[in-house]
There are 2 protein chains.
Amino acid sequence: MPQSTKESPYHHGNLRQSLIDAALELIAEKQDAKTLSLREVARRVGVSHAAPYRHFADKEALLAAVAEEGFHLLLDYLHRAMVHIDEPARRLQASGVGYVRFAIAHPSHYRVMFSTLQVDYLNYPGLNEAGAKAFAVMVDEIMAGQAAGQMKTGDPQKLAWVSWSLVHGLSMLLIEHQLPLTDEQDIEALAEFATQSSMEGLRLGDGP
Amino acid sequence: MPQSTKESPYHHGNLRQSLIDAALELIAEKQDAKTLSLREVARRVGVSHAAPYRHFADKEALLAAVAEEGFHLLLDYLHRAMVHIDEPARRLQASGVGYVRFAIAHPSHYRVMFSTLQVDYLNYPGLNEAGAKAFAVMVDEIMAGQAAGQMKTGDPQKLAWVSWSLVHGLSMLLIEHQLPLTDEQDIEALAEFATQSSMEGLRLGDGP
DNA sequence: ACCTGAACACCGTTCAAGT
DNA sequence: ACCTGAACACCGTTCAAGT
C-alpha cells in the first residue's frame with residue numbers, strides 16, 4: 001500500500017503518528033516486537049533513517065509511544081465491556097473479558113506494552129499514567145465489590161493483582177500462540193470461563 | 001570471574017554448556033533476553049564469534065537450548081512443591097506456588113522460555129517435549145481432582161489453561177517488575193493467595 | 001524546523017583457511 | 001573435529017550539512 005496523497009504527508013507534522021503506525025504494521029507482519037528495526041520503520045514511511053530522531057529520542061521512545069497508545073485503547077475496551085452492568089463482581093469479570101478481547105484484537109500493541117518493552121515506565125510519564133488508569137479500573141471494581149459485601153476482604157490492590165495476573169497470562173499465552181486456540185468464539189468462551197472462575201475465587205464465602 | 005582451569009575448558013566438548021551458561025549470565029546482567037548478542041556470548045566464553053556455530057545452528061537454537069533447560073528445572077520445582085501433599089486440589093495449588101517460585105528464582109530462564117522467544121517450539125522437539133511435560137503436571141492434578149469430585153467438570157485442558165494463565169501472568173508481572181513487590185516473603189505470600197483463589201474458583205460447588 | 005548522507009561501532013551469519 | 005579471521009549485509013545513533 002504506497003502512500004498516495006499528492007502532497008507527501010510526511011513533511012507536515014504527522015510523521016510522528018506515521019512512525020507509530022508503521023511500527024505496528026511491521027510488528028504485526030513479523031509477529032514480533034523485539035526484532036523491529038528503526039531503520040525499517042523509516043524505510044516503510046519513506047524517510048531517511050535519521051528522520052525519526054526528530055520525533056523520538058531513540059527507538060525505546062517510539063515503543064513507549066506505541067505502548068501508551070495501547071493503554072488508551074485498552075481503557076476503551078475495559079469501559080465498553082462494563083457498560084450496562086451494575087453488580088461489581090460481574091463488572092470485574094466483564095472487564096477481564098474486555099481485557100483479553102483487546103489483547104487478541106491488538107496483539108502488536110499488547111506485545112509492545114508487555115512482552116518486549118524493557119522501558120522503565122517511570123521514564124515516560126504519559127505511559128505510566130495510562131497504565132495506572134487501566135489498573136485502577138480493576139481496583140475500583142474490587143473496592144466496590146468489597147463494599148457491597150460480594151468480595152473477599154483484604155488489600156484491594158492484592159486482589160487486583162490476582163485478577164490482572166489471570167487476564168495478562170491468558171492474553172500472553174493466546175498472543176504467543178502457546179494455546180492451540182485460533183477460533184475467535186473459542187477464545188471468547190475461554191476468556192468468559194477463566195474470568196468467571198477467577199471472580200468466583202475472589203468471591204466472599206465458601207471459605208477454605 | 002575468569003575461567004581458571006589450567007587446561008582451557010573450552011576445547012574439550014563443554015563449549016556447548018558454557019555458551020548456555022554465559023547466555024544466562026548475560027541475560028541476568030541486562031535483565032533482558034531480547035538484546036542478547038551471540039558475539040557477546042562468545043566473547044564472554046573466550047572463543048571467536050564464529051565458534052558457537054559449531055554447536056548451534058543459529059542464535060535461536062542457543063535460546064531454545066536455554067529454554068529446554070528451563071523446562072527441566074521447572075519440572076523439578078513443580079514436583080518438589082507437590083511432594084507429601086495428597087489432595088489433588090491442594091497439589092494443584094502447591095504446584096502453582098512452585099511455578100512462581102521457579103520463575104522468580106530463575107528469571108533469565110523464564111524470560112527465554114516465554115517473554116522473548118519467538119522460537120517455534122515444534123522446530124525443537126526436546127523443548128516441545130519438556131514444555132508438554134510441565135503442562136501435563138497441571139492437567140494430571142485436575143483430572144485427579146475431578147475424579148475425586150473436588151473440582152469442576154469440563155475439559156481438564158481448559159481448566160489447566162486457566163491455572164496456567166494465572167501463574168504465568170503472575171510470574172511475568174513479577175519478573176518484569178510490574179508489581180511493586182521485591183521482598184521474597186511478600187512474593188511467596190502473594191503466590192499462595194493467588195493460587196488459593198484460583199483453586200477455589202475451579203472448585204466444585206457454590207455455583208454462579 | 002525538518003530532513004539527509006556519511007560515519008562509527010556494533011550485529012548475525014557465512015566461509016575459506018588453519019590445526 | 002573444532003576454531004579463526006575476513007567478509008557481507010545489516011543495526012542504532014550521531015552529526016555536519018542542506019532546505
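In what follows, chains carry the letters A, B, and so on, assigned in the order in which the sequence lines appear, proteins first and then strands, with residues in each chain numbered from 1. Below, each value reflects all heavy atoms present in this structure, side chains not excepted, and no hydrogens, waters or symmetry copies.
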The side chain of [X] lies closest to which of these nucleotides: [options]?
{"X": "A:Val47", "options": "C:dC15, C:dT4, D:dC10", "answer": "C:dT4"}
{"X": "A:His49", "options": "C:dC15, D:dC3, C:dA7", "answer": "C:dA7"}
{"X": "B:Arg39", "options": "C:dG12, C:dC2, D:dT4", "answer": "C:dG12"}
{"X": "B:Asp58", "options": "C:dT14, D:dG12, C:dT13", "answer": "C:dT13"}
{"X": "B:Ser48", "options": "D:dC3, D:dG12, D:dT14", "answer": "D:dC3"}
{"X": "B:Lys59", "options": "D:dT4, D:dT14, C:dT13", "answer": "C:dT13"}
{"X": "A:Glu40", "options": "D:dT4, C:dT4, D:dC11", "answer": "D:dC11"}

Using a cut-off of 6.0 Å, state whether more than 12 heavy atoms not belonging to [X] lie near its atom [atom1].
{"X": "A:Glu29", "atom1": "CD", "result": "yes"}
{"X": "B:Glu184", "atom1": "CD", "result": "no"}
{"X": "A:Asp86", "atom1": "CG", "result": "no"}

Nearest-Å distance for atom pair [atom1]/[atom2], residues [X] and [N]:
{"X": "A:Leu26", "N": "D:dC11", "atom1": "CG", "atom2": "P", "value": "11 Å"}
{"X": "B:Arg16", "N": "D:dA1", "atom1": "CZ", "atom2": "P", "value": "18 Å"}
{"X": "A:Leu38", "N": "C:dC11", "atom1": "CG", "atom2": "C1'", "value": "15 Å"}
{"X": "B:Asn14", "N": "D:dC2", "atom1": "CG", "atom2": "C1'", "value": "13 Å"}
{"X": "A:Tyr53", "N": "C:dC8", "atom1": "OH", "atom2": "C1'", "value": "13 Å"}
{"X": "B:Phe56", "N": "D:dC3", "atom1": "CZ", "atom2": "P", "value": "12 Å"}

Do B:Glu69 and B:Gln17 meet the criterion of a side-chain donor-acceptor pair at a distance under 3.5 Å?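 Yes, B:Gln17 and B:Glu69 have a side-chain donor paired with an acceptor closer than 3.5 Å.
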With a non-hydrogen cut-off below 4.0 angstrom, is A:Leu62 in contact with a base, only sugar-phosphate, or nothing?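 The answer is nothing, as A:Leu62 stays clear of every strand by at least 4.0 Å.
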Determine the contact category for B:Ser37: base if any of its heavy atoms lies under 4.0 Å from a base atom, sugar-phosphate if only primed atoms, P, OP1 or OP2 are that close, otherwise nothing.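 Sugar-phosphate: the residue B:Ser37, judged by heavy atoms under 4.0 Å, touches backbone atoms but no base.
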Is the [X] ring parallel, tilted or perpendicular to the [Y] ring (thresholds 30°, 60°)?
{"X": "B:Tyr77", "Y": "B:His106", "result": "perpendicular"}
{"X": "A:Trp164", "Y": "A:Phe135", "result": "tilted"}
{"X": "B:His168", "Y": "B:Tyr110", "result": "tilted"}

Phosphate OP1/OP2 of C:dT13 contacted by B:Arg54 side-chain N/O (<4.0 Å):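 For C:dT13, neither OP1 nor OP2 has a side-chain N or O of B:Arg54 closer than 4.0 Å.
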Using only side-chain N and O atoms of A:His55, determine if any of them is under 4.0 Å from OP1 or OP2 of C:dC2.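 A:His55 to C:dC2 OP1/OP2: no side-chain N or O under 4.0 Å.
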Is the side chain of B:Lys152 donor-acceptor paired with the backbone N or O of B:Gly201 at a distance under 3.5 Å, no angle test?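 Checking the backbone N and O of B:Gly201 against the side chain of B:Lys152, a donor-acceptor pair under 3.5 Å is found.
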Which dot-bracket string fits DNA chain C when only Watson-Crick or G-U wobble pairs with both atom distances under 3.5 Å count, crossing pairs get [ ], and | stands for a partner on a different strand? ||.|||||...|||||.||
Relative to the 5' end of DNA chain D, which residue comes earlier, A:Ala50 or A:Arg43, by the nucleotide with the nearest heavy atom?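 Taking each residue's closest nucleotide, the earlier one in sequence belongs to A:Arg43.
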